[in-house]
Protein chains: 2
Amino acid sequence: MNALTALSDPTRLRIVELLAEDERTAGEIASHFPTSRPGISRHLRVLREQGLVQARGEGRRRIYSLDPEPLAQLDAWLARYRGFWANRLDALETEIRRRRRH
Amino acid sequence: MNALTALSDPTRLRIVELLAEDERTAGEIASHFPTSRPGISRHLRVLREQGLVQARGEGRRRIYSLDPEPLAQLDAWLARYRGFWANRLDALETEIRRRRRH
DNA sequence: AAGTTATGTAACTGTCAAGTTACGCTTTCA
DNA sequence: TGAAAGCGTAACTTGACAGTTACATAACTT
């Protein structure tokens, strides 16, 4: 559940939200925060290491995009406990999900 | 998204999993970890403060149980991005969810 | 070629949180 | 009633991490 540790920082959480909208360069991302650019660079590194984002180089800039895999994992983890706050519609969701697992 | 910070610690994550099975006393919980009992006590405090667990006193012991609310919130947050790893069945889920919001 | 832009890394600092031991309080039991 | 059981809090230590400034590198631009 590495997504949890990566997302526990509010800045990184926000970065993920930004990248969910659209991919962005490191600079664009940094411009959304009061934090210095190197600081953001390190956050991006953490997100990369945890597999939450991917970076591809394009000329002198690096374009970051979201990699949903860890989020999907987190979602799967949560699904196990979804019964706790379930109502009928949620039960249906769970059923769908269970069935898809084949 | 306070669940994220609370669950970023692996011990606390495990505690939540334990309490998802069944409610337990502080001592029972602590017995599952190498950490000292006071250490666990502090983790429980964090979980309490973030609303993830509830404690009720029963004689000289405290019985902890899971409060799913923050997990439900986290689930709702994730739902916004579920499209990223979606297939058709997931799209149906989203639709259900959206509709329930009334 | 020289300067500027885009980005990452290095080294340092300060804060916070998780761990420990020692202690205190309340409840049970012999 | 005194001892033990069950928990929590206090005070301290230590390690991790987010933030900063300074520097390095690579790629456009003129």
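Order of the sequence lines sets the chain letters (A, B, ...), proteins ahead of strands, with each chain counted from 1. Note that the structure is a prediction, hence the values are computed from the model and not measured.
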- Report the residues that fulfil side chain to side chain contact (heavy atoms under 4.5 Å, CB included) with B/A72, sequence neighbours left out, ordered by chain and then residue number. A/W85

- Give the C-alpha distance, both sets of side-chain angles, the deciding distance and a yes or no for side-chain contact (heavy atoms from CB on, under 4.5 Å) between B/L71 and B/L66. CA-CA 10 Å; B/L71 291 178; B/L66 195 63; 4.3 Å; yes

- Message: Let's go through A/L78 and B/D75 carefully: what are the C-alpha distance in whole Å and the side-chain angles of both, what is the deciding distance for side-chain contact (heavy atoms from CB on, under 4.5 Å) to 0.1 Å, and is it a yes or a no?
- Response: CA-CA 7 Å; A/L78 268 177; B/D75 190 53; 4.0 Å; yes

- Message: For A/T35, give me all partners under side chain to side chain contact (heavy atoms under 4.5 Å, CB included), at least two apart in sequence or on another chain.
- Response: A/F33, A/I40

- Message: Do B/F84 and A/L4 land in one hydrophobic cluster if side-chain heavy atoms of ILVMFWY residues count as linked below 4.5 Å?
- Response: yes

- Can you tell me how far OG of B/S31 sits from CZ of B/R37, rounded to the nearest 0.5 angstrom? 11.0 Å

- Would you give the length of the straight line joining atom OH of B/Y64 to atom CD1 of B/I29, rounded to the nearest 0.5 angstrom? 7.0 Å

- Message: Taking side chain to side chain contact (heavy atoms under 4.5 Å, CB included) as the definition, give me every residue that meets it alongside B/R45, ordered by chain and number, with sequence neighbours left out.
- Response: B/R42, B/R48, B/E49

- Close approaches to DNA chain C from residues 47-65 of chain A, in residue order (heavy atom, under 4.0 Å): A/R60, A/R61, A/R62, A/Y64

- Across all chains, not counting sequence neighbours, the side chain to side chain donor-acceptor pair (under 3.5 Å) partners of A/E69 are none

- Query: At what distance, to the nearest 0.5 angstrom, does CG of B/L52 lie from CD of B/Q73?
  - Reply: 9.5 Å

Could you give the side-chain donor-acceptor pairs of residues 5-21 of chain B under 3.5 Å, partners two or more places apart or in another chain?
{"residue": "B/T5", "atom": "OG1", "partner": "B/N2", "partner atom": "O", "Å": "3.0"}
{"residue": "B/S8", "atom": "OG", "partner": "B/T5", "partner atom": "O", "Å": "2.8"}
{"residue": "B/D9", "atom": "OD1", "partner": "B/T11", "partner atom": "N", "Å": "2.9"}
{"residue": "B/D9", "atom": "OD1", "partner": "B/R12", "partner atom": "N", "Å": "3.1"}
{"residue": "B/R12", "atom": "NE", "partner": "B/A6", "partner atom": "O", "Å": "2.6"}
{"residue": "B/R12", "atom": "NH1", "partner": "B/H43", "partner atom": "ND1", "Å": "3.1"}
{"residue": "B/R14", "atom": "NH1", "partner": "B/E17", "partner atom": "OE1", "Å": "3.3"}
{"residue": "B/E17", "atom": "OE2", "partner": "A/W77", "partner atom": "NE1", "Å": "2.8"}
{"residue": "B/E21", "atom": "OE1", "partner": "B/R24", "partner atom": "NH2", "Å": "2.7"}

- Item | Nucleotide interval of DNA chain D bounded by contacts with chain B (heavy-atom cut-off, under 4.0 Å) | D/dA5 to D/dA11

- What is the per-nucleotide protein-contact pattern of nucleotides 14-21 of chain C, from the 5' end, where B denotes a base atom under 4.0 Å from a protein heavy atom, S denotes such proximity for sugar-phosphate atoms only, and - denotes neither? ----BBBB

- Note on the structure: side chain to side chain donor-acceptor pair (under 3.5 Å) filter on A/E23, not counting sequence neighbours, yields A/R56

- Return the residues of residues 23-32 of chain A meeting this criterion: a heavy atom under 4.0 Å from some atom of DNA chain C. Order them by number, or give none. A/T25, A/A26, A/G27

